[in-house]
2 protein chains.
Amino acid sequence: MPTQTKQFSYWHPHPAVTTDIVIFTIREEKLQLLLIRRRNPPFQGGWALPGGFLNMDEDLADCAKRELEEETGIKNVYLEQLYTFGKHDRDPRERVISVAYYALIPSDRLTLQPASDATDAGWFAYDELPDLAFDHREIAEQAHERLVAKLDYSTIAFQFLPKQFTLSELQDVYETIRSEPMDKRNFRKWIVARNLIEATGNERRNGSHRPAQLFRTKRPGRVEIIR
Amino acid sequence: MPTQTKQFSYWHPHPAVTTDIVIFTIREEKLQLLLIRRRNPPFQGGWALPGGFLNMDEDLADCAKRELEEETGIKNVYLEQLYTFGKHDRDPRERVISVAYYALIPSDRLTLQPASDATDAGWFAYDELPDLAFDHREIAEQAHERLVAKLDYSTIAFQFLPKQFTLSELQDVYETIRSEPMDKRNFRKWIVARNLIEATGNERRNGSHRPAQLFRTKRPGRVEIIR
DNA sequence: CCAAAAGTGTTGTTTATACACCCATGT
DNA sequence: ACATGGGTGTATAAACAACACTTTTGG
């Protein structure tokens with residue numbers, strides 16, 4: 001291997017391109033994100049965002065989807081490009097441009113398939129993150145900022161919930177991500193006025209209290225700009 | 001040259017990385033953007049966004065700034081990362097990832113220094129763009145979308161104006177970009193309530209009519225999120 | 001005195017906020 | 001019967017939208 005010639009040659013220098021993914025979910029009443037332990041230097045043994053190198057025949061978003069599936073076994077979740085991080089010294093090995101994405105995992109799809117390469121992975125509360133490799137903390141913070149902002153003006157919150165959900169569960173999503181309580185009556189008036197959800201007719205009986213109506217989004221799968 | 005060996009070799013294939021820049025200004029009552037004519041294939045002779053390859057020792061934003069200065073001679077204007085375009089077939093020559101930026105040029109800094117390489121360049125009204133090379137139309141449209149959105153919730157509009165400006169000029173920026181008229185009294189109430197500008201004490205006498213007060217932004221240079 | 005752009009208030013409507021009690025259920 | 005979370009209305013304040021005339025200047 002070391003004596004073999006490098007096969008890929010160019011007239012001008014090229015940087016490496018990776019995608020890194022900030023994978024959010026809500027677990028145990030907290031906003032959490034998925035980290036994997038690095039098996040190789042640099043930052044060997046440290047925590048990092050899942051991600052990897054772009055293949056030459058795949059679109060950027062497909063690369064992010066592939067990495068997401070490889071690390072978690074999860075497909076078909078909301079995935080959005082966040083920002084591209086390209087400081088010249090962000091990776092000590094070579095010049096690496098990272099196109100960051102973020103993904104939202106509904107709370108009923110949390111059973112992660114351990115990654116094929118047996119790397120260990122874990123969920124971490126967003127406000128108790130360990131040290132992260134590279135500039136991954138900056139990436140995570142920027143993703144969080146975007147998420148908080150999008151709660152206000154888009155239907156992104158539904159992506160954390162199963163197809164059917166109660167209004168209290170929906171309110172919990174908002175409160176958890178914003179870390180602040182909201183008034184129940186005002187929240188319900190607000191969401192109903194947006195005309196985004198409808199009652200399914202079903203109800204959920206949970207504990208020793210009145211059952212809750214179940215709702216669904218009128219346009220499932222789509223994240224729309226509201227307001 | 002063709003018989004010389006390619007100097008830059010890697011164990012894995014690497015894409016090329018470019019930055020492309022959507023340069024907006026307001027000229028002749030219209031939102032316009034700067035295009036350059038391509039001297040080489042593909043799309044030789046066609047119009048394209050200014051941009052170019054990333055150097056290995058420069059940050060992404062510095063690459064965009066450099067290209068901006070090379071094409072227009074303009075420095076120190078508002079520049080923001082837009083999105084990264086990475087479809088695998090977006091460039092017929094090789095795999096190219098384009099990190100797109102957009103820049104806003106104040107109306108008093110429009111005298112372009114012809115680019116050092118004598119490429120011809122020109123301003124085009126946004127709603128009368130010619131055919132563009134690669135996926136550059138998509139990039140331009142996405143930049144326009146972002147610009148329209150940011151008018152509402154940031155102080156980006158000031159970036160189109162000189163340090164001192166009248167309220168009518170400011171309103172014109174909003175109207176031109178949105179392509180719709182606004183009520184003068186409501187606009188003035190709104191902008192004053194935001195507490196972003198202050199009168200300079202100077203006034204401008206223009207034609208045969210009442211002179212207008214000149215204002216400045218309280219925090220020049222900074223684009224802030226408002227609302 | 002005329003043309004042209006600058007400047008200025010009021011009213012009605014919509015949207016946001018604050019706030020407390022009854023309801024249906026399981027144990 | 002009680003504990004638990006589900007569900008509901010009203011009053012006040014703030015933001016937004018519609019709308020027309022007077023002022024100052026140059027020619």
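For the numbers below, each heavy atom of this structure counts, side chains included, while hydrogens, waters and symmetry mates do not. Here is the naming used below: chain letters follow the sequence lines, and residue numbers restart at 1 for every chain.
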**OP:** Let me know the distance between CZ of Arg204(A) and C1' of dG7(D), rounded to the nearest Å.
**Re:** 16 Å
Original post:
Gln213(B) side chain N/O closer than 4.0 Å to the phosphate oxygens (OP1, OP2) of dG7(C)?
Top reply: yes
**OP:** Rounded to the nearest angstrom, tell me the gap between atom CZ in Phe215(A) and atom P in dG6(D).
**Re:** 12 Å
**OP:** State whether Lys65(A) and Glu69(A) are salt-bridged, where the test is any N-O pair (Lys NZ or Arg NE/NH1/NH2 against Asp/Glu carboxylate O) under 4.0 Å.
**Re:** no
Subject >> Polar side-chain contact Lys189(A)-dT15(C) base: donor and acceptor under 3.5 Å >> reply: no
Original post:
Would you say the side chain of Asn186(B) and the base of dA18(D) hold a donor-acceptor pair, judged only by whether the two atoms sit under 3.5 Å apart?
Top reply: yes
Original post:
For dA20(D), does either OP1 or OP2 sit under 4.0 Å from a side-chain N or O belonging to Arg185(B)?
Top reply: no
Collect all protein-nucleotide pairs involving nucleotides 1-5 of chain D in which both atoms are nitrogen or oxygen and the distance is under 3.5 Å.
from, atom 1, to, atom 2, distance (Å)
dT4(D), O2, Ser208(A), O, 2.9

**OP:** Return the 5'-most residue of the pair Glu203(A), Glu169(B) with respect to DNA chain C, ranking by each residue's nearest nucleotide.
**Re:** Glu169(B)
Subject >> By ring-ring contact (aromatic ring centres under 6.0 Å, His included) - contacts of Phe85(A) (at least two apart) >> reply: Tyr83(A)
Original post:
Separation of Ile191(A) atom CD1 from dT8(D) atom P, in whole Å?
Top reply: 15 Å
**OP:** Using atom CZ of Arg188(B) as one end and atom P of dA6(C) as the other, report the distance to the nearest whole Å.
**Re:** 7 Å
Subject >> Sugar-phosphate only, base, or nothing, as touched by Asn206(B) at under 4.0 Å among non-hydrogen atoms >> reply: nothing
**OP:** Rounded to the nearest angstrom, tell me the gap between atom CZ in Arg194(B) and atom P in dA15(D).
**Re:** 8 Å
Original post:
Only one of Ile26(B), Leu34(B), Thr25(B) forms a side-chain contact (heavy atoms from CB on, under 4.5 Å) with Leu110(B), so which one is it?
Top reply: Thr25(B)
Original post:
In whole Å, what is the span from the CZ atom of Arg227(A) to the P atom of dA15(D)?
Top reply: 13 Å
Subject >> Qualifying salt bridge (Lys or Arg N to Asp or Glu O under 4.0 Å) pairs with a residue from residues 152-162 of chain B, counting only residues at least two apart or across chains >> reply: Asp152(B)-Arg178(B)
**OP:** Send over the distance from Ile197(B) CD1 to dG7(C) P, rounded to a whole Å.
**Re:** 11 Å
Subject >> Working for salt bridge (charged side-chain N to carboxylate O under 4.0 Å, His left out), residues Arg90(B) and Glu138(B) >> reply: CA-CA 11 Å; Arg90(B) 59 178 294 282; Glu138(B) 186 188 349; over 6 Å; no
Original post:
In whole Å, what is the span from the CD atom of Gln171(A) to the P atom of dG7(D)?
Top reply: 11 Å
Original post:
Would you call the rings of Phe24(B) and His144(B) parallel, tilted or perpendicular, where under 30° means parallel and over 60° means perpendicular?
Top reply: tilted
Subject >> Passing option when Ile139(A) is tested against Glu141(A), Arg137(A), His136(A), Gln142(A) for side-chain contact (heavy atoms from CB on, under 4.5 Å) >> reply: His136(A)
